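Everything below concerns the one structure shown next.
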Number of protein chains: 2
Amino acid sequence: MNATKVRAGSKPSGTTQTPPASPANPRHGLDRIDRAILRQLQTDASISNVALAAKVKLSAPACLRRVERLKESGLIRGVVALLDPKAAGAGMLVIIGVVLDRSTPESFAEFEKAAQKVAGCMECHVVTGEFDYFMVIRTRDSDSFNRLHAEQLLYLPGVRQIRSFMVLKEILSTTKFPL
Amino acid sequence: MNATKVRAGSKPSGTTQTPPASPANPRHGLDRIDRAILRQLQTDASISNVALAAKVKLSAPACLRRVERLKESGLIRGVVALLDPKAAGAGMLVIIGVVLDRSTPESFAEFEKAAQKVAGCMECHVVTGEFDYFMVIRTRDSDSFNRLHAEQLLYLPGVRQIRSFMVLKEILSTTKFPL
DNA sequence: CTTGAAATACTACTACG
DNA sequence: CGTAGTAGTATTTCAAG
């Protein structure tokens with residue numbers, strides 16, 4: 001359980017018997033195999049380790065060691081199941097822009113604390129521009145959003161204005177980062 | 001591999017010998033155990049099936065059958081690894097609002113096709129209000145975003161205006177739906 | 001249509017070369 | 001990193017509520 005750095009010192013000696021994977025690598029000390037592993041796990045992490053090892057052309061233990069290192073390093077933050085929004089009863093998506101009354105630290109802190117408790121709030125960020133915050137909220141339908149809007153959003157602390165952008169069509173929604 | 005409906009007709013007869021899990025359930029034919037499984041898998045899907053079974057107080061085979069059913073039904077859309085944005089070299093988050101030149105079906109279709117190919121585009125949605133689209137884009141830093149902005153975003157087909165909201169602080173970002 | 005118990009096949013994991 | 005061996009898990013089969 002020691003904090004091993006990812007790909008740290010994988011071949012310090014200059015013997016060059018068998019190149020580990022990729023001589024020089026573009027980012028973060030991740031070689032070609034690490035990136036292949038991450039691409040696969042970002043797409044489907046329910047794959048077994050032996051199957052993953054075969055895909056990246058590595059032995060099972062070596063592959064498992066890499067995955068564990070990627071987890072311990074924090075690069076892999078977790079493995080989760082993604083649900084179908086509609087099937088989960090959250091078929092409506094709304095993006096809302098929020099403007100606060102005053103731009104004081106207390107005002108921001110208070111709002112952020114309350115915003116995290118809003119049911120169905122998937123994202124909440126401080127932004128530059130004409131809004132102070134953007135929130136992304138999932139609800140069942142327009143009725144339940146109207147209820148949420150009237151009962152919770154309008155009562156968030158320090159809010160001057162809320163502008164709602166209802167999502168009519170979801171073109172793209174992914175959790176995958178380019179590697 | 002037949003298309004079994006989730007929890008369909010789980011107790012048609014009125015014998016009431018041993019209630020499978022929960023007599024009546026609020027949503028979608030999901031009983032209490034199904035929802036407990038989904039809550040766990042949305043939080044951490046790397047848990048073993050035996051551990052999951054113990055958590056929801058079920059035998060391992062019964063638990064596994066439920067998980068498979070939830071996958072086949074499409075409610076669980078997939079199991080993926082979530083990466084740390086900064087560690088993955090995508091520490092900057094930008095929300096952009098897009099207004100198109102003309103509101104024709106062709107114009108929308110052309111834009112959507114091109115938008116999906118934008119590197120680092122995590123979300124893209126048609127919205128109501130003063131914008132036609134909202135996009136959520138991840139990039140390495142402000143330099144790389146400026147490059148993306150100048151070289152790709154401004155050349156997306158049919159774009160009249162692009163408004164960028166840089167994210168200064170990520171308050172909340174989750175993939176978990178309330179159940 | 002469901003559950004749980006036992007048996008088998010496969011996988012994760014450890015030790016070592 | 002890979003090979004071989006062990007421990008534990010997933011998965012099937014089956015009987016029962």
Side-chain angles (χ1 to χ4, degrees), chain A residues 1-2 4-23 25 29-37 40-41 44-72 76 78-79 81, chain B residues 1-25 28-38 40-41 44-73 75-76 78-79 81:
Chain A
M1 276 302 177
N2 48 39
T4 27
K5 287 198 300 178
V6 173
R7 307 275 80 210
S10 57
K11 189 134 288 273
S13 71
T15 51
T16 316
Q17 323 157 357
T18 311
S22 148
N25 37 64
L30 296 177
D31 62 16
R32 199 172 48 78
I33 295 183
D34 283 323
R35 282 184 273 119
I37 289 174
Q40 171 61 43
L41 294 184
D44 181 9
S46 66
I47 188 177
S48 74
N49 181 60
V50 290
L52 177 61
K55 273 207 173 193
V56 301
K57 304 188 202 312
L58 218 64
S59 70
C63 183
L64 191 62
R65 277 191 289 263
R66 279 172 181 258
V67 172
E68 275 170 358
R69 220 169 6 208
L70 291 167
K71 283 181 178 171
E72 278 170 23
I76 295 180
V79 175
Chain B
M1 278 301 173
N2 47 39
T4 26
K5 286 197 301 178
V6 174
R7 310 270 82 206
S10 58
K11 189 128 291 273
S13 72
T15 50
T16 315
Q17 320 156 3
T18 310
S22 150
N25 38 62
H28 298 107
L30 295 178
D31 62 17
R32 199 173 47 77
I33 294 181
D34 283 324
R35 280 184 274 117
I37 290 174
L38 289 172
Q40 171 61 44
L41 294 184
D44 181 9
S46 67
I47 187 177
S48 75
N49 180 62
V50 291
L52 176 61
K55 274 206 171 191
V56 301
K57 303 188 204 311
L58 219 63
S59 70
C63 183
L64 191 62
R65 275 190 290 267
R66 279 171 181 259
V67 172
E68 277 172 354
R69 214 165 16 203
L70 291 168
K71 284 180 178 171
E72 279 170 22
S73 76
L75 209 161
I76 296 180
V79 175

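What you are looking at is a predicted structure, and each value in this text was computed from that prediction instead of being measured. Here is the naming used below: chain letters follow the sequence lines, and residue numbers restart at 1 for every chain.
When the nucleotides D:dT9, C:dA12, D:dT13 are ranked by their closest atom to the side chain of B:Val50, D:dT9 comes out on top. Of the candidate nucleotides D:dT13, C:dT11, C:dC13, C:dC13 has the atom lying nearest to any side-chain atom of A:Leu64. Nearest nucleotide to the side chain of B:Ser48, out of D:dA10, D:dG2, C:dG4: D:dA10. Here the side chain of B:Ser59 is nearest to one of C:dG4, D:dT9, D:dT3, namely C:dG4. Of the listed nucleotides (C:dC13, C:dT3, C:dA6), C:dC13 has the atom at the smallest distance from the side chain of A:Pro61.
B:Lys71 meets the side-chain contact (heavy atoms from CB on, under 4.5 Å) test with A:Ser46, B:Val67, B:Ile76, B:Val79; sequence neighbours excluded.
Distances shorter than 4.0 Å separate some side-chain N or O of B:Arg66 from OP1 or OP2 on C:dT3.
Looking at heavy atoms from C-beta onward, A:Gln40 lies in side-chain contact with A:Ile47 at the 4.5 angstrom threshold. Contact of the B:Leu58 side chain with the B:Arg65 side chain is not registered, since no non-hydrogen atoms from C-beta on lie closer than 4.5 Å. Taking the side chain as every heavy atom from C-beta outward, B:Leu30 and B:Leu75 approach each other to under 4.5 Å. Between B:Leu70 and B:Leu41 there is no side-chain heavy-atom pair separated by less than 4.5 Å.
Separating the CD1 atom of A:Ile47 from the P atom of C:dC10 is a distance of 17 Å, rounded to the nearest angstrom. Between B:Arg65 atom CZ and C:dG4 atom P there is a gap of 9 Å when expressed in whole angstrom units. Atom-to-atom, CG of A:Leu58 to P of D:dT3 comes out at 11 Å; the value is rounded to the nearest Å. Counting to the nearest Å, the C1' atom of C:dA12 and the CG atom of A:Leu52 are 13 Å from each other. In this structure, CD of B:Glu68 is placed 15 Å from C1' of C:dT3, rounded to the nearest angstrom. Between the CG atom of A:Asn49 and the C1' atom of C:dC10 there is a distance of 13 Å, rounded to whole Å.
Closest heavy-atom contact between A:Val56 and A:Cys63: CG2-SG, 4.3 Å. A pairwise comparison of heavy atoms in A:Ala81 and B:Ala45 identifies N-CB, 3.8 Å as the closest pair.
Across its full length, the helix from C:dC1-D:dG17 to C:dG17-D:dC1 shows an angle of 30° between the axes of its 5 terminal pairs at either end, rounded to 10 degrees.
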